Amino acid sequence: MPDQKIVEPRLLRGFRDYLPAQMNARLKMIATIRSVYERYGFQPLDTPAQEFRVTLMGYGEENTKQIFAFQNPEEEDVALRFDLTVPLARVVAQYPDLVMPFRRYQVAPVWRADKPDPGRFREFIQFDLDAVGVSSLAADAEILCAMYDTLKALGIERFSIRFSDRKVLNSLLDFAGITHERSHSMFRILDKLDKIGLDGVAAELTKGRVDASGDTIPGLGLDANQVGRIKEFIALPKGKRREALRSLEKLFAGVGSAKEAIAELTFICDSLDALGISEQNVQLDLSIARGLDYYTGPVFEASLDDAPEFGSVFGGGRYDGLVERFLGRTIPAVGASIGVDRLFAAMEKLGLHEFAPSTAKVIVTIMEPGQLAEYQKLARELREAGVNTEMYLGDEKSLGKQLQYANRQQIPLAIIIGSDEFARGEVTIKNLKLGGQLQDRKKAAHGKEREEWLALSRTVQQTCPLTRCVEEVKKMLAV
RNA sequence: GCCGACGUAGCUCAGUUGGUUAGAGCACCAGAUUGUGGAUCUGGGGGUCACUGGUUCGACUCCAGUCGUCGGUACCA
């Protein structure tokens with residue numbers, strides 16, 4: 001291409017490639033999550049990436065700027081979905097024959113035009129589970145339980161799922177004498193408690209503050225009495241679920257609207273006890289708000305104790321009003337959503353992923369190109385036996401190069417057949433994974449350990465009759 | 001969106017008060033070793049110093065703008 005302008009290969013801000021090693025880890029993660037959801041009997045659903053723009057809008061116009069919106073060739077206003085909950089509400093309204101309760105899971109990419117952060121992208125996968133048409137809070141407890149099982153199944157031990165109830169916060173407004181119109185800004189500020197501390201929250205509730213970068217954040221203009229009440233609420237003991245609940249009951253004793261919230265949380269605590277969910281991982285935290293307007297009851301969010309900077313990796317709640325927008329009548333619903341890519345990034349930081357670029361377990365190297373058919377036959381035989389097998393197709397003629405390739409792909413076994421083996425009807429199987437491990441341990445091995453090392457070294461490479469190749473390969477992979 | 005910092009090899013970074021030929025480590029490639037990867041040694045390729053303009057005899061270095069990256073903050077149905 002003389003004189004032609006090279007197109008610079010680059011990505012859009014907030015978008016990522018997933019190369020094979022990461023992709024294998026991500027697929028494994030998704031498969032694990034799916035197996036948990038299916039264990040609860042949730043059923044799969046998929047919906048299009050694009051929806052009519054009006055379908056996606058409607059909860060606060062200021063948020064629409066985060067939506068990737070454009071016109072299609074028919075000049076209709078369309079947008080990329082920004083979550084999976086709104087499309088679910090659309091589906092429920094559109095298919096009246098769906099059997100209720102409708103319990104579905106969905107894993108799919110969504111798009112938001114946010115500024116990217118660690119673990120935060122413009123295109124990312126969400127993995128949702130929701131129960132629609134269920135008013136019983138047993139569903140909410142079950143969602144919490146599924147969240148717990150999912151994080152455990154992913155191999156995460158130290159995580160915290162915190163839950164509360166949107167109705168608690170509404171009662172807080174009554175308790176502090178704040179009008180409900182200001183609920184949104186009020187909840188938003190409260191949600192920042194973890195981040196900016198009690199003093200920061202107090203400042204934002206009153207006259208505002210200047211942050212570390214010198215930016216001014218306007219205050220809400222509450223009076224000292226109101227802030228005092230909010231502080232009382234924040235100061236409620238965290239402790240065990242029951243204790244937190246009792247102290248809330250005491251504080252809100254004079255607030256009529258609080259009875260329902262307390263009854264709901266009591267029900268959920270009972271259910272969690274019945275389900276055997278530990279206090280260790282699932283806590284009642286009255287301060288969590290979740291920014292979304294559509295929540296009407298219990299809300300939940302999970303974060304990893306050892307990677308708190310990634311924030312909420314799994315969150316949800318009850319949204320009894322959402323389907324009404326499409327149907328004109330109320331259908332109760334509750335669900336939760338994993339930010340798969342955010343959780344992936346957090347787990348990556350904690351070293352919880354196994355990265356291997358190749359799915360092959362065996363590579364058949366080519367030493368005698370004239371015998372290609374024999375190599376092909378053997379590869380076929382291995383595949384038919386269920387062994388993931390790659391036959392070397394590159395241009396390198398030397399065995400060393402082919403083994404180097406296999407090593408880089410982290411393929412554990414290599415099959416070597418040269419003129420000697422062909423003459424005797426044999427194959428040599430080399431364990432690259434074990435060989436690599438032994439190399440690492442070579443220097444450290446002394447005395448008894450050295451004996452063991454030598455014994456293992458003898459098993460790195462073995463020769464057997466061609467007829468027993470598949471059997472030997474399986475045996476070596478099983479270790 | 002706002003505030004700040006930073007852009008030198010694939011990666012991590014040196015680069016003197018502005019001085020002529022821009023360096024290192026790692027990675028990569030080749031050879032030592034044409035039937036054995038990861039070790040060692042020797043050699044090699046690779047740069048529009050983000051971009052554009054300005055100041056200057058001379059700019060990787062100073063100035064301005066643009067783009068990009070990162071951090072904080074705001075926002076997050």
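What you see is a predicted model, and the numbers here were worked out from it, not measured in a lab. Just so we're on the same page: letters track the sequence lines, and every chain starts at 1.
- Within the structure, every side-chain polar atom (N or O) of A:R408 is placed at least 4.0 Å from both OP1 and OP2 of B:G37.
- A salt bridge does not link A:D130 to A:R103: none of the charged side-chain nitrogens sits closer than 4.0 Å to a carboxylate oxygen.
- For the P atom pair drawn from B:G1 and B:C60, the interatomic distance equals 32 Å after rounding to whole Å.
- Considering only side-chain atoms of A:Q439, the nucleotide from B:A39, B:G37, B:G68 that sits closest is B:A39.
- Here A:K401 lies in heavy-atom contact (under 4.0 Å) with sugar-phosphate atoms only.
- Between A:F422 and A:Y375, the distance separating the two ring centers is shorter than 6.0 angstrom.
- B:G10 and B:G4 have their C1' atoms separated by 29 Å, with the value rounded to a whole Å.
- Helical stems in RNA chain B, defined as runs of 3 or more consecutive Watson-Crick or G-U wobble pairs with both donor-acceptor distances under 3.5 Å, are listed by first residue as B:1-7 with B:67-73, B:10-13 with B:23-26, B:28-32 with B:40-44, B:50-54 with B:62-66.
- Donor-acceptor pairing under 3.5 Å, judged by distance alone, is present between the side chain of A:E421 and the base of B:G35.
- Taking atom CD of A:E396 as the reference point, atom P of B:C29 lies 9 Å away to the nearest angstrom.
- Nearest to the side-chain atoms of A:K430 among the listed nucleotides B:C75, B:G37, B:G35 stands B:G37.
- The A:D114 side chain lies nearest to B:C75 when the options are B:G35, B:C75, B:G37.
- Looking at A:R120 and A:D114, a side-chain N of the basic residue comes within less than 4.0 Å of a carboxylate O on the acidic one, giving a salt bridge.
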- Query: Taking it one step at a time, do A:E204 and A:V201 satisfy side-chain contact (heavy atoms from CB on, under 4.5 Å)?
  - Reply: CA-CA 5 Å; A:E204 289 201 23; A:V201 169; 6.0 Å; no
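- Taking the C1' atom of each, B:C11 and B:G46 are spaced 13 Å apart, rounded to whole Å.
- For the pair A:L56 CG and B:C76 P, the interatomic distance rounds to 18 Å; values are reported in whole Å.
- On the P atoms, B:C75 is 48 Å away from B:U56, given to the nearest whole Å.
- Using a 4.0 Å heavy-atom criterion, one finds that A:F82 contacts the bases of the nucleic acid, with or without backbone contacts as well.
- A:R162 has a carboxylate O that lies under 4.0 Å from a charged side-chain N of A:D285, or vice versa, which qualifies the two as a salt bridge.
- Distances shorter than 4.0 Å separate some side-chain N or O of A:K192 from OP1 or OP2 on B:C75.
- Taking atom CG of residue A:L438 and atom C1' of nucleotide B:U36, one finds them 15 Å apart after rounding to whole Å.
- Distance CG/A:L190 to CG/A:L205: 7.5 Å, rounded to 0.5 Å.
- Distance noted for atom P between B:C62 and B:A24: 24 Å (whole Å).
- With RNA chain B read from its 5' end, the first of the two nearest nucleotides for A:Q437 and A:R112 is the one closest to A:Q437.
- Comparing the P positions of B:U73 and B:A14 gives a spacing of 27 Å, expressed to the nearest Å.
- Counting only heavy atoms from C-beta on, A:R120 has its side chain closest to B:A74 among B:A74, B:U36, B:C29.
- At a threshold of 4.0 angstrom between heavy atoms, the contacts of A:E368 with the nucleic acid are absent.
- Between B:U16 and B:G53, the distance separating the two C1' atoms is 28 Å to the nearest Å.
- Relative to the six-membered ring of A:Y18, A:R26 meets both conditions, a distance below 6.0 Å and an angle of at most 45° to the axis.
- Within 4.0 Å of A:S419, counting heavy atoms only, lies at least one base atom of the nucleic acid.
- Per the geometry, CZ belonging to A:R13 stands 8 Å off P belonging to B:C70, to the nearest Å.
- Protein atom CD of A:Q402 is 12 Å distant from nucleotide atom P of B:G37, rounded to whole Å.
- For A:L403, taking side-chain heavy atoms from C-beta onward, the closest of the listed nucleotides B:G37, B:C28, B:G35 is B:G37.
- One interatomic measurement links the two molecules: CG of A:D395 to P of B:U34, which rounds to 20 Å at whole-angstrom precision.
- The distance between atom CE of A:M367 and atom P of B:U36, rounded to the nearest whole Å, is 8 Å.
- Atom pair A:L190:CG and B:C75:P shows a separation of 13 Å (rounding to whole Å applied).
- Nucleotides B:A74 and B:G18, compared at atom P, are 41 Å apart to the nearest Å.
- If you check the side chains of A:S303 and A:S160, you find no donor sitting under 3.5 Å from an acceptor.
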- Might you work through the side chain to side chain donor-acceptor pair (under 3.5 Å) test for A:T47 and A:Q106, ending with a clear yes or no? CA-CA 9 Å; A:T47 62; A:Q106 182 169 4; 3.1 Å; yes
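- Across all strands, A:Q461 comes closer than 4.0 Å to base atoms (heavy-atom distances).
- Remark: the A:E421 side chain and the A:T428 side chain contain an N/O donor-acceptor pair separated by less than 3.5 Å.
- Applying the 4.0 Å criterion to OP1 and OP2 of B:C75, one finds that A:R188 has a side-chain N or O inside that range.
- Taking for each of A:G435 and A:I416 the nucleotide of RNA chain B with the nearest heavy atom, the 5'-most of the two is the partner of A:I416.
- A:G400 comes within 4.0 angstrom of the backbone, heavy atoms only, and of no base.
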